[in-house]
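Every number for a ligand or one of its atoms is a count from 1 in the order of the listing.
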Amino acid sequence: MSSIEYNLREIRNKIEMAARKSNRSSRDITLVVVTKTVKVEEIKKALDMGVTNIGENRIQEALEKYRALKDYNVKWHMIGHLQSNKAKYAAKFIELIHSLDRISLAKELNKRAAKLNRIMDVLIQVNIAKDENKFGLMPEEVEDFMLYVADEYENLKIKGLMTIVPYVEDPEEVRPYFRQMNRMFQKYKDYGFKDIEMKHLSMGMTNDFEVAVEEGANMVRIGSGIFGPRV
Ligand SMILES: *Cc1c(COP(=O)(O)O)cnc(C)c1O
């Protein structure tokens, strides 16, 4: 068994255990395998193990891999900061944008999606820790932003929320952030705003995904835990 196979099994087991702690099963959790800097041959090993959701943070790299992996059944996720002038590439093949964080990007994505006659699914990136070095909307800006986007941009569909929490050695320290995110997610789900679907709560990476799932994440983004440390 290759280390990728081994790691993937371990991660899936851990997701299952964390899901049970929050009275769910791993079937309720989508694993997005993060392949930034990972070579196509290595990605194929994960695809051969039934992985279908792949996340990249740079659109150019994602596009190259998309072309190389056309024969595989892959759903491509854009998880990193996206420059508005790259929206045209994203509109071609990305199934879910996790990082919508400003109106200028929404406008451009909408325009490009409309040209291709498609609806683009997006998550709103929330800077839950109010970290100056991170992208994302402040929690108090989220509601107005979502309502504006839902109203204004017909070719975008809001499907949930995403966050990146600060890296800390002990993931227990970031549990309160995940809890706050889930509270916000549930609140907007209950509100049932027109044209906004609170379906995905994307949070948790290699270092902290178990805590994130325990606190309600239903989409996790994991790279180094599967492919090893990035060089
Ligand atoms: C790189 C990255 C991940 C995965 O990080 P790992 O620690 O390698 O699991 C998840 N989300 C985003 C936005 C990333 O850029």
Distance filter under 4.0 Å to Ile222 heavy atoms, resulting ligand 1 atoms: 9 (O)
Indicate yes or no: does Lys75 engage Glu95 in a salt bridge with an N to O separation below 4.0 Å. no
Determine, for Glu41 against Lys44, whether the closest basic-nitrogen to carboxylate-oxygen distance falls under 4.0 angstrom. yes
What I want to know is whether Gly223 and ligand 1 share at least one N or O pair that is separated by under 3.5 angstrom. yes
Give me the residue, atom name and distance of the protein heavy atom closest to atom 12 (C) of ligand 1. Ile79 CD1, 3.5 Å
For the residue pair Ser25 and Glu16, confirm or rule out a side-chain donor-acceptor distance under 3.5 Å. no
Go through ligand 1 atom by atom and flag the ones less than 4.0 Å from a non-hydrogen atom of Ile164. 13 (C)
Identify whether the distance between the nearest side-chain nitrogen and carboxylate oxygen of Lys21 and Glu210 falls below 4.0 Å. no
Nearest non-hydrogen protein atom, atom 9 (O) of ligand 1: Thr206 OG1, 2.4 Å
Between ligand 1 and Asn207, can you find any atom pair, the residue atom being a heavy atom, that is separated by under 4.0 Å? no
Under-4.0 Å salt bridge between Glu108 and Lys111: yes
Checking heavy-atom distances from atom 2 (C) of ligand 1 to each of Met205, Arg221, Lys36, the winner is Lys36
Basic-acidic side-chain contact under 4.0 Å: Lys36, Glu56: no
N or O contact, Arg230 vs ligand 1, cut-off under 3.5 Å: yes
